[in-house]
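Everything on this sheet refers to the single structure shown next.
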Amino acid sequence: MTSTPMPAPTSTPVSAAHSFQVDLRGLVDLLSHHLYSSPRVYVRELLQNAVDAVTARQAIDPEAPVHIRLTASGGRVTIEDSGIGLTAAEAHSFLATIGRSSKRGGEDGFPEQSLEATRGDFLGQFGIGLLACFVVARQIRVVTRSARDPRAAPVEWLAADDGSYTVRELPHAARPEPGTTVVLEARPGAAEWILPAKVEELARDYGSLLPYDITFDDGQGGEPRPVTDRAAVWERAFPTPAARRVALAGHCAELFDFTPLDSIDLDLPVAGVRGVAYVLPDPTSPAHRAGHRVHLKGMLLTHRADNLLPDWAFFVRAVIDTDTLRPTASRENLYDDETLSAVREALGARIRGWLAELAAGDPERLASFLQVHHLGVKSMARHDPELLGLMLPWLPFETSAGSMSLQEFAAAHTDIHFTRTVEEFRQIAPIAAAHGLGVINAGYTYDADLLALLPSVRPELKVTELDAGAVTERLDQVPTADELALAPFLATARTRLASQHCDVALRAFQPVTVPALYLDDRQARQERDRTAALESADSLWSGILGSLRGSAPRARLVLNHNNPLIRRISGLQDEALTGTAVESLYGQALLMSQRPLRPADSALLNRAFLGLLEWATHSSANPTDARDGEEDPK
């Protein structure tokens, strides 16, 4: 067998490399509608470039003058700085190349060694800042002179929003000193963003904590007004702690428009984070994503950071300044990386520490806090074991001994019972309190879940749902002789209430004014539901449900032997009237429990009411019948 030789490979011509072409109009649309949330960011970019330029010059000449001046007048916005400046070649490279930043050093034309010490002090990172100004400007004019090369002439860079630009050198007299001046001319439809009042407002919002003095001039001939307001209020010295609290409260009202319940210092020197958290004075939903103010090296990054604090810290609004956290490309939020995760955990620890301090040394302030935010704290504590352990002893609950914390309640009761409905609790609470039974109302949101978790925090405590047997056992027994004497009455009562799946017990309890107590629990309700389903089911389901039949129903009507009405009813000689009276007691106790009435309960109430009316009217027509136990005068 012979093999056929493979053909020789043919050479493929190497295609030439091409550069991407950028449509500046399309880029401006991308910036204004997708990358940035609002045109307002152009003021931030102007301030950022000026601050970075000054920082770069200070790195090579610490004695150089420092000034940044922002002006808005006549449809123009101007910012002038005494920063590092640019040469003609640098203007071509840095101002017209998207994505290239003058802060990177080395390959971008700036000596690596001159920037290494201060690169961490720069605000900008992405090299698109000046182009962002096109969201409000139709033309950008930059006049700059380099501080690195004193012999270099001043340079004018002039760009339009159609993507064209020119660079030309100017006479030395056009700018005698190093630095940069940027002039923006408004584009149609953007006039509102360059009004002097708006520009000053944005400059103060973004730049109040910047490290250099910045002034604003509205072109009206007055003295320029300061933009910066250093140091941050949380870093200032005050004569007294009270004066500091007042200043922080005023700062919170200015930033967030509320007066805080308290303030929490968020100083993490190791993480390069400084700031304060303000406690909200009104309840808020834990599901609401809070917006926090974040400054990056003094420049406001965002006022809507929702990933700065743990989700459980929903009750605070924070403002911080950081040197270490990374911004997103739009510089309008924090990049969620491992560093932010560690900072978030550390800030959460600070807030937990504040709660622990209140619990240990200032219970009144803690009570004020929980009075407002207990529902939200309960919600989050169900899923946060650490928060659960910290706050559960202090959270308020409605108990048979009044409203109190679990810590107070557990000091008197190691066996804790709870009801799942508010109505059940309100019926049983007075009786439980009189007989030393510790009952908590778990009918409110989250309370039942938290009580189920209580033994994990306090293992010595026993928490069980209240059942009819537990209450009955706590009530005083009636003397045996008295109960035997009332056996016929009790038999009649049980017979009449058997159809309601309710047993009858006789006890003596307080208060005396309560004639009967209806006790129910989950097992009894399940048994009634099963029976109701059995009555309406077909033969197949009847067999299945019948096999699930439980023991005797556990709902109970407990009659109060101390009550005079019960004593009179138990002495009636008319068995029919006794039965009607028992049904009336059942209906009254059921209504007092505020439970929903079943059709069978409604029918019983109607029957008992009509029966009593019939007996009453019959007695009025035959007075002798009303005198029970008396002889006929005839």
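- Taking a cutoff of 4.0 Å between a charged side-chain nitrogen and a carboxylate oxygen, Asp213 and Arg230 qualify as a salt bridge.
- Between Arg350 and Leu268 the shortest side-chain heavy-atom distance falls below 4.5 Å.
- Looking at Gln58 and Val66, their side chains come closer than 4.5 Å, going by heavy atoms from C-beta outward.
- Ring geometry for Trp234 against His251 counts as perpendicular: the plane angle is over 60°, on a 0 to 90° scale with 30° as the lower cut.
- Classification of Lys297 and Asp52 as a salt-bridged pair fails, no side-chain N sitting under 4.0 Å from a carboxylate O.
- Results of the side chain to side chain donor-acceptor pair (under 3.5 Å) test with Thr144 over Thr180, Thr181, Thr87, Asp81 single out Thr180 as the only residue that passes.
- Atoms CG and CZ, from Leu86 and Arg148 in turn, are 9.0 Å apart once rounded to the nearest 0.5 Å.
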**Request:** Evaluate the salt bridge (Lys or Arg N to Asp or Glu O under 4.0 Å) criterion for residues Arg69 and Glu80: first the C-alpha distance (whole Å), next the side-chain angles of each, then the deciding distance (0.1 Å), finally the verdict.
**Result:** CA-CA 5 Å; Arg69 182 168 179 166; Glu80 182 179 3; over 6 Å; no
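- Between Glu235 and Asp321, every side-chain heavy-atom pair lies at or beyond the 4.5 Å cut-off.
- When side chains are defined from C-beta on, Val199 counts as touching Tyr42, because their heavy atoms get closer than 4.5 Å.
- Seen from the ring of Phe238, Arg244 does not count as a face-on cation partner, given the 6.0 Å and 45° thresholds.
- When side chains are defined from C-beta on, Leu450 counts as touching Arg382, because their heavy atoms get closer than 4.5 Å.
- When side chains are defined from C-beta on, Trp354 counts as touching Phe369, because their heavy atoms get closer than 4.5 Å.
- Heavy-atom neighbours of Asp337 CG from other residues, nucleotides or ligands within 6.0 Å: above the threshold of 12.
- Between Val135 and Trp193, every side-chain heavy-atom pair lies at or beyond the 4.5 Å cut-off.
- Ion pairing of Asp336 with Arg344 is present here, as a side-chain N (NZ or NE/NH1/NH2) and a carboxylate O approach within less than 4.0 Å.
- Taking the charged nitrogens against the carboxylate oxygens, Arg138 and Glu185 do have a contact shorter than 4.0 Å, which makes a salt bridge.
- Side-chain contact annotation: Thr78 with Thr71, donor-acceptor N/O pair under 3.5 Å absent.
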Item to complete: Decide yes or no on side-chain contact (heavy atoms from CB on, under 4.5 Å) for Leu388 and Leu453, but give the supporting numbers first.
Response: CA-CA 9 Å; Leu388 174 70; Leu453 294 171; 3.8 Å; yes
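- Between the CH2 atom in Trp157 and the CD atom in Glu90 there is a gap of 14.5 Å [rounded to 0.5 Å].
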